[in-house]
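Because the structure is a prediction, the values reported are computed rather than measured.
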Amino acid sequence: GCKAMSSINVPADLVSVGTSPFSGCSSLHNITIDEGAKMIPEFSYNSALKSIVLPASIVNLKDMQFMGCSGLESVEIKGAVKTIGEMAFYGCTLLKEVILPETVERIDGYAFGSCTSLEEIAIPASVTNIAANAFEECTALKTIKGTKGSYAETFAKNNGFTFVEK
């Protein structure tokens with residue numbers, strides 16, 4: 001098993017891994033993803049993971065990528081990611097900080113569902129589609145920050161969130 005493994009480096013030349021390769025790695029709290037990496041393994045249900053920074057080379061954030069990472073507190077996506085996949089961060093109950101790049105166009109269903117510590121999120125002007133249930137059961141989420149006149153503002157107003165111009 002991998003219960004004692006506390007850190008891992010995802011190299012730029014990673015091509016493929018199986019499904020949930022780090023499932024059961026209960027001490028894995030530090031993940032470094034090399035710039036140039038095109039894909040990242042699924043890290044779902046890793047409760048030890050505290051934060052993740054995705055390099056600019058990442059273009060795809062798959063469905064359920066970090067689902068159930070209950071210890072995850074912050075996410076920074078530097079890349080050219082266009083879509084935050086379905087349930088990508090579902091159940092990340094300690095997630096408080098999310099930094100999305102200006103390349104994101106779509107936030108899929110339950111992408112941040114049940115992120116019960118998320119109080120606010122800044123949504124880039126590039127976003128043109130947010131699933132109605134993208135923030136389902138985000139009981140602390142009150143504020144959406146964004147550009148005036150953007151889809152983020154429309155989404156906030158249509159779903160009972162306070163909109164703040166960033």
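Residues that satisfy the salt bridge (charged side-chain N to carboxylate O under 4.0 Å, His left out) test with K142, not counting sequence neighbours, are absent from this structure. Legend: residues meeting side chain to side chain contact (heavy atoms under 4.5 Å, CB included) with K78, ordered by chain and number and at least two apart, are V53, E76. For the ring-ring contact (aromatic ring centres under 6.0 Å, His included) test, residues two or more places apart in sequence or in another chain that qualify with F22 are F43. Remark: E119 engages A140 in a side chain to side chain contact (heavy atoms under 4.5 Å, CB included) (not counting sequence neighbours). With sequence neighbours left out, the ring-ring contact (aromatic ring centres under 6.0 Å, His included) criterion links Y90 to no other residue. Scored by the side chain to side chain donor-acceptor pair (under 3.5 Å) test, N129 finds no partners at all (sequence neighbours excluded). Checked against side chain to side chain donor-acceptor pair (under 3.5 Å), D108 has the following partners two or more places apart in sequence or in another chain: R106. Contacts of F112 classified as ring-ring contact (aromatic ring centres under 6.0 Å, His included), with partners at least two apart in sequence or in another chain: F89, F135. The salt bridge (charged side-chain N to carboxylate O under 4.0 Å, His left out) search around E165 returns none, not counting sequence neighbours.
Using a 4.0 Å cut-off between a side-chain N of Lys or Arg and a carboxylate O of Asp or Glu, E105 and K82 qualify as a salt bridge.
The number of heavy atoms from other shown groups lying within 6.0 Å of NZ (K62) is above 12.
Atoms NZ and OG, from K38 and S57 in turn, are 5.5 Å apart once rounded to the nearest 0.5 Å. In this structure, the separation between CD1 on I144 and CD1 on I130 is 6.0 Å, given to the nearest 0.5 Å. Note that CZ of F163 and CD1 of I123 are 9.0 Å apart. Values are rounded to the nearest 0.5 Å. Rounded to the nearest 0.5 angstrom, E42 CD and D63 CG are separated by 9.5 Å. Expressed to the nearest 0.5 Å, how far CG of L118 lies from CG of L94 amounts to 11.5 Å. Distance check: H29 NE2 to S47 OG gives 12.5 Å after rounding to the nearest 0.5 Å.
The heavy-atom pair separating P11 from A37 by the smallest distance is O-CB, 4.0 Å. What you find for I40 and Q65 is that their closest heavy atoms are O-NE2, 3.3 Å. Nearest heavy-atom pair across V104 and S126 is O-OG, 2.5 Å. For the pair E35 and P55, the tightest heavy-atom approach, listed with the atom from each and the gap, is OE1-CB, 3.3 Å. The two residues P124 and A122 come nearest to each other via the heavy atoms CD-O, 3.8 Å. Closest heavy-atom contact between E102 and A125: OE1-N, 3.7 Å.
Annotation: disulfide (SG to SG under 2.5 Å) contacts involving residues 63-134, sequence neighbours excluded, are absent. For residues 16-62, the disulfide (SG to SG under 2.5 Å) pairs, not counting sequence neighbours, are C2-C25. Sorted by first and then second residue, the side-chain hydrogen bond (donor to acceptor under 3.5 Å, both in side chains) pairs with a member in residues 143-154 read E120-K145, E153-K157; sequence neighbours excluded.
With a 4.5 Å cut-off on side-chain heavy atoms, L49 and L28 do not count as touching. A heavy-atom distance below 4.5 Å is found between the side chains of L100 and I107. Counting heavy atoms from C-beta outward, I52 and I33 have side chains that approach closer than 4.5 Å. Inter-residue side-chain proximity for F161 and F155 is flagged as met; some heavy-atom pair is nearer than 4.5 Å. The closest side-chain heavy-atom distance from L72 to N46 is not below 4.5 Å.
Under the 4.5 Å side-chain heavy-atom criterion for grouping Ile, Leu, Val, Met, Phe, Trp and Tyr, V98 is not connected to V164 through any hydrophobic cluster. Cluster membership for L14 and I58, using ILVMFWY side-chain heavy atoms within less than 4.5 angstrom, is shared. Hydrophobic clustering places I31 together with I77 (ILVMFWY residues linked when any side-chain heavy atoms are closer than 4.5 Å, directly or through intermediates). Hydrophobic clustering (side-chain heavy atoms under 4.5 Å, transitive across Ile, Leu, Val, Met, Phe, Trp, Tyr) keeps M67 apart from M39. Linking ILVMFWY residues whenever their side-chain heavy atoms come closer than 4.5 Å, directly or via other members, places V127 and L141 in the same cluster.
For T103 (side chain) and V81 (main-chain N/O), a donor-acceptor pair under 3.5 Å exists by modelled atom type.
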Applying side chain to side chain donor-acceptor pair (under 3.5 Å) to S74 and E97, what does each step give before you reach the verdict?
CA-CA 5 Å; S74 68; E97 181 181 23; 4.5 Å; no
Evaluate the criterion side-chain contact (heavy atoms from CB on, under 4.5 Å) for residue pair T83 and L61; output intermediate values, then yes/no.
CA-CA 7 Å; T83 301; L61 196 55; over 6 Å; no
Apply side-chain contact (heavy atoms from CB on, under 4.5 Å) to residues K50 and E73 and explain how you reach the verdict.
CA-CA 5 Å; K50 298 285 182 218; E73 296 175 2; 4.2 Å; yes
